[in-house]
Engineer: 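Structure incoming, see below.
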Amino acid sequence: QVQLVESGGGLVQAGGSLRLSCAASGRTFTSYIMGWFRQAPGKEREFVAAIRWSGGRTYFTDSVKGRFTISRDNAKNTVNLQMNSLKPEDTAVYYCAAASYGATYYNKNSYDYWGQGTQVTVSS
């Protein structure tokens with residue numbers, strides 16, 4: 001059974017940092033794309049960042065470029081999202097997701113597996 005479990009969310013002041021982790025289990029993800037999405041109240045779930053497990057190519061939405069980084073730890077089977085210079089508009093529930101290799105990385109409908117989400121709140 002595939003499981004994606006997020007951790008690391010919390011409350012931080014604007015300009016601060018948080019590191020989210022996604023622990024993946026239940027299958028081999030080496031051919032997968034691992035993504036992070038977020039959903040603010042009343043808004044659609046939106047793409048934040050993604051990484052190809054094999055090769056490590058990364059993708060970011062424009063609003064987080066230069067502030068967020070995404071990485072994977074093969075030994076721990078985890079994907080991390082380092083978020084720096086956080087802004088109040090980054091406040092949302094953040095979800096980890098996994099999609100097969102040929103998927104469109106920014107399209108939430110392409111993802112096969114989802115975590116339960118972790119709340120990130122940035123105060124002004």
Side-chain angles (χ1 to χ4, degrees):
Q1 181 181 357
V2 174
Q3 275 196 315
L4 302 176
V5 180
E6 302 98 334
S7 61
L11 173 64
V12 65
Q13 287 187 332
S17 299
L18 282 174
R19 183 179 176 87
L20 305 184
S21 291
C22 173
S25 62
R27 66 165 300 139
T28 302
F29 289 94
T30 51
S31 64
Y32 271 60
I33 300 170
M34 303 299 294
W36 285 95
F37 289 76
R38 65 188 180 187
Q39 188 166 17
K43 294 189 176 181
E44 293 283 321
R45 191 170 299 189
E46 64 173 1
F47 169 75
V48 176
I51 185 168
R52 294 189 181 273
W53 204 291
S54 176
R57 184 172 181 178
T58 60
Y59 311 89
F60 298 93
T61 192
D62 285 346
S63 64
V64 307
K65 285 180 181 177
R67 300 189 297 124
F68 291 11
T69 58
I70 186 171
S71 61
R72 73 211 188 289
D73 185 327
N74 292 336
K76 296 181 179 180
N77 228 34
T78 59
V79 176
N80 302 306
L81 185 69
Q82 178 67 41
M83 306 185 295
N84 299 326
S85 302
L86 282 161
K87 304 175 181 180
E89 50 263 43
D90 295 318
T91 295
V93 177
Y94 283 69
Y95 297 91
C96 174
S100 57
Y101 187 83
T104 303
Y105 66 86
Y106 54 81
N107 185 346
K108 60 181 182 292
N109 297 319
S110 296
Y111 284 74
D112 305 304
Y113 306 105
W114 291 86
Q116 82 287 353
T118 185
Q119 177 71 46
V120 171
T121 303
V122 184
S123 63
S124 57

Engineer: Please determine whether side-chain contact (heavy atoms from CB on, under 4.5 Å) holds for the pair E46 and K108, giving the CA-CA distance in whole Å, both sets of side-chain angles, and the decisive distance to 0.1 Å.
Structural biologist: CA-CA 7 Å; E46 64 173 1; K108 60 181 182 292; over 6 Å; no
Engineer: For a quick check under 3.5 Å, do N84 and S17 share a side-chain donor-acceptor pair by atom type?
Structural biologist: yes
Engineer: Could you walk me through whether F47 and Y105 satisfy the ring-ring contact (aromatic ring centres under 6.0 Å, His included) test, starting with their C-alpha distance in whole Å, then the side-chain angles of each, then the deciding distance to 0.1 Å, before giving a yes or no?
Structural biologist: CA-CA 8 Å; F47 169 75; Y105 66 86; 5.4 Å; yes
Engineer: Which heavy atom of S124 sits nearest to which heavy atom of A14, and what is that distance?
Structural biologist: CA-CB, 4.4 Å
Engineer: What's the verdict on side-chain hydrogen bond (donor to acceptor under 3.5 Å, both in side chains) for Q119 and T121, showing C-alpha distance, side-chain angles and the deciding distance?
Structural biologist: CA-CA 6 Å; Q119 177 71 46; T121 303; 3.3 Å; yes
Engineer: Atom OG1 of T69 and atom CD of Q82: how far apart are they, to the nearest 0.5 Å?
Structural biologist: 5.5 Å
Engineer: Pairs in or reaching into residues 23-61: which pass disulfide bond (SG atoms under 2.5 Å apart), with residues at least two apart or in two chains?
Structural biologist: none
Engineer: To the nearest 0.5 Å, tell me how far N74 CG sits from S54 OG.
Structural biologist: 9.0 Å
Engineer: Which residues satisfy the side chain to side chain donor-acceptor pair (under 3.5 Å) test with K43, sequence neighbours excluded?
Structural biologist: none
Engineer: Has the side chain of R72 got a donor or acceptor atom that lies under 3.5 Å from a matching backbone atom of N77?
Structural biologist: no
Engineer: Check A40 against A92 and note the closest heavy-atom contact, atom names and distance.
Structural biologist: N-CB, 3.8 Å
Engineer: Taking atom OH as the centre, does Y106 end up with more than 12 heavy-atom neighbours from other residues, nucleotides or ligands that are less than 6.0 angstrom away?
Structural biologist: no
Engineer: Please check this pair: side chain of T118 against backbone of G9, looking for a donor-acceptor N/O pair closer than 3.5 Å.
Structural biologist: yes
Engineer: Taking 4.0 angstrom as the limit, do K87 and D90 come out as a salt bridge?
Structural biologist: no
Engineer: Could you check whether any side-chain N or O of E6 sits under 3.5 Å from a backbone N or O of C96, counting only pairs where one atom can act as donor and the other as acceptor?
Structural biologist: yes
Engineer: Ignoring hydrogens, what is the shortest heavy-atom contact between Y111 and G35? Give both atom names and the distance.
Structural biologist: CE2-N, 3.7 Å
Engineer: Would you say CZ of R19 has more than 12 non-hydrogen atoms from neighbouring residues, nucleotides or ligands within 6.0 angstrom?
Structural biologist: yes
Engineer: Spell out, as yes or no, whether a donor-acceptor pair under 3.5 Å connects the side chain of D112 to the backbone of A99.
Structural biologist: no
Engineer: Through direct or indirect side-chain contacts below 4.5 angstrom among Ile, Leu, Val, Met, Phe, Trp and Tyr, which residues connect to M83?
Structural biologist: V2, L4, V12, L18, L20, F29, Y32, M34, W36, V48, I51, W53, F60, V64, F68, I70, V79, L81, L86, Y94, Y113, V120, V122
Engineer: Taking the side chain from R67 and the backbone from S85, do they hold a donor-acceptor pair closer than 3.5 Å?
Structural biologist: yes
Engineer: Quick check on the 6.0 Å ring-centre criterion: do F37 and Y95 meet it?
Structural biologist: no
